[in-house]
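Presented below is the structure to which this report refers.
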Amino acid sequence: MSEPDPELVHTETASGSAGTDPEPVFDPASDPGFAERHGVLTRGYGHRPDPEDPAKVQAMPIVLHIPKVDPPARSAVLEAAAMATVALCFDPRVGPGPDGEPGPWQEPFLAWNDARIRKVARRARGAHWRAAQDVDGVTVDHAGAQARVFVPGPVGELDPRISRLQIGGTDLPHDDPPLPADGVPVLWVQKDLEMTVGKAAAQVGHAAMLFAGALDVDTARAWASDGFPCAVRDADEATWHELLARVEAGTAVAVRDAGFTEVAPGSITVIAVPGTVDERA
């Protein structure tokens with residue numbers, strides 16, 4: 001289940017674009033396009049090289065809502081980012097419509113997925129966060145945290161309401177949430193890498209996509225029907241060693257980073273498993 005990487009969702013609320021396109025009704029049990037969208041994740045990414053012009057490199061923007069007063073827990077923010085990523089990947093607008101014509105987000109999504117699935121996370125608060133809701137994407141509100149993932153596109157054509165937001169700056173301390181409920185997929189982050197919350201958000205987004213693509217379509221459909229429940233947890237050295245063994249055994253999905261920012265090329269940043277650490281076989 002391991003995939004090289006160049007660079008899951010219980011939602012209280014999730015919303016699509018506030019623009020002109022109506023938000024589609026998404027019922028995985030009866031959605032005829034679900035299998036096709038799942039197939040995009042199953043076949044993987046990186047099927048073509050990056051363009052020579054750096055401004056045309058494809059990336060998926062992520063914006064994390066981190067207010068100055070009473071900020072959310074780090075784990076909740078990362079969960080919201082992973083949830084929003086999967087929600088956008090399975091949104092009906094990234095696939096063909098009922099008439100077979102491309103959905104409004106299909107072309108840019110496929111152009112990005114066929115490349116290196118880069119993600120760039122930024123943070124926002126106040127009016128800037130509210131303005132970001134008007135840019136095409138999906139917002140997830142989870143456990144007191146909010147994240148919005150946007151339709152991918154060339155980095156040189158990023159909407160100014162997103163490009164003006166800071167990439168670095170505000171970080172969040174590691175927290176110690178309880179073990180997730182039985183059966184909830186867990187995205188384990190290698191704590192020793194000390195990634196910023198923005199870098200970690202991109203990595204758990206990668207992991208969520210890879211995990212979804214590794215599932216068979218019926219399991220993915222059931223996961224979607226449950227709201228894609230997932231959890232993000234830090235892995236200490238002993239836990240990480242056990243998780244690496246699962247990757248070798250093919251029972252876990254690993255994200256390997258390209259080393260563009262913060263970590264060395266080839267570093268395994270996140271490992272996704274289909275249950276809590278106590279349930280590992």
Side-chain angles (χ1 to χ4, degrees), residues 7-19 21-28 31 33-45 58-65 77-97 102-122 124 132-142 145-155 158-159 161-162 185 187 201-213 215 220-221 223-230 232 272:
E7 225 311 36
L8 270 156
V9 184
H10 174 70
T11 62
E12 280 71 42
T13 63
S15 63
S17 167
D21 294 320
E23 184 176 357
V25 175
F26 180 31
D27 180 6
D31 185 346
F34 183 89
E36 183 170 342
R37 299 195 300 278
H38 175 257
V40 171
L41 298 185
T42 298
R43 75 169 184 255
Y45 55 88
Q58 303 287 316
M60 172 185 278
I62 301 172
V63 172
L64 311 174
H65 185 209
V77 168
L78 297 180
E79 288 165 359
M83 295 171 183
T85 300
V86 172
L88 190 141
C89 290
F90 281 100
D91 192 290
R93 288 166 288 188
V94 306
W105 299 352
Q106 183 176 16
E107 183 177 352
F109 179 80
L110 293 180
W112 167 75
N113 192 76
D114 284 344
R116 287 174 170 253
I117 68 167
R118 286 187 176 91
K119 298 181 179 70
V120 179
R122 302 168 187 264
Q133 305 309 301
D134 292 330
V135 182
D136 283 345
V138 173
T139 292
V140 163
D141 184 344
H142 164 78
Q146 294 176 304
R148 186 167 178 85
V149 170
F150 301 87
V151 179
V155 296
L158 187 59
D159 189 290
R161 289 168 290 186
I162 306 304
L187 311 181
Q203 298 302 299
V204 296
H206 292 346
M209 289 178 63
L210 296 177
F211 181 81
L215 299 174
R221 195 186 299 274
W223 189 38
S225 295
D226 288 342
F228 300 113
C230 72
V232 174

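- Residues passing the side-chain contact (heavy atoms from CB on, under 4.5 Å) test with Pro28 are Phe26, Phe34, Arg221, Ala224, Ser225, sequence neighbours excluded.
- Taking all atoms of both residues into account, the shortest heavy-atom contact from Ile62 to Lys119 is CD1-CD, 3.8 Å.
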Notebook entry, point to check: Given the rule in the side chain to side chain contact (heavy atoms under 4.5 Å, CB included) test, do Val40 and Phe109 qualify, once you have shown the distances and angles that lead to the verdict?
Noted result: CA-CA 10 Å; Val40 171; Phe109 179 80; 4.0 Å; yes
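- When all heavy atoms of Leu187 and Ala82 are compared, the closest pair comes out as CD1-CB, 3.7 Å.
- For the atom pair His206 NE2 and Arg116 CZ, the distance stands at 11.0 Å (nearest 0.5 Å).
- Taking NE2 of His38 as the reference point, atom CG of Leu215 lies at 6.0 Å (rounded to 0.5 Å).
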Check: Gln133 and Thr139: side chain to side chain donor-acceptor pair (under 3.5 Å), yes or no, with the steps?
Finding: CA-CA 8 Å; Gln133 305 309 301; Thr139 292; 2.6 Å; yes
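- Here the closest non-hydrogen pair linking Val63 and Ala124 is CG1-CB, 3.7 Å.
- Residues Tyr45 and Arg118 have side chains not in contact (no heavy-atom distance under 4.5 Å, counting atoms from C-beta outward).
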Item checked: Intermediate values then yes/no, salt bridge (Lys or Arg N to Asp or Glu O under 4.0 Å), Asp136 and Arg93 -> CA-CA 11 Å; Asp136 283 345; Arg93 288 166 288 188; over 6 Å; no
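- When all heavy atoms are compared, the tightest approach of Met209 to Thr85 is CG-CG2, 3.7 Å.
- Looking at Arg37, its side chain does come within 3.5 Å of a backbone N or O of Phe90 through a donor-acceptor pair.
- Interatomic distance, CZ of Arg43 versus CG of Asn113, reported as 6.5 Å (0.5 Å rounding).
- Looking at residues two or more places apart in sequence or on another chain, you find a salt bridge (charged side-chain N to carboxylate O under 4.0 Å, His left out) between Arg161 and Asp159.
- The side-chain contact (heavy atoms from CB on, under 4.5 Å) test applied to Pro102 returns Gln106, not counting sequence neighbours.
- With sequence neighbours excluded, the residues that form a side-chain contact (heavy atoms from CB on, under 4.5 Å) with Ala147 are Leu64, Ala80, Ala81.
- Evaluation of the ring-ring contact (aromatic ring centres under 6.0 Å, His included) rule for Phe150 yields no partner, not counting sequence neighbours.
- Residues Gly137 and Trp105 come closest through the heavy atom pair O-CH2, 3.7 Å.
- Closest of all the heavy-atom pairs between Ala59 and Val120 is CB-CG2, 4.3 Å.
- Looking only at distances, a side-chain donor or acceptor of Trp223 sits under 3.5 Å from a matching main-chain atom of Pro229.
- The closest donor-acceptor contact from the side chain of His65 to the backbone of Asp141 lies at 3.5 Å or more, if one exists at all.
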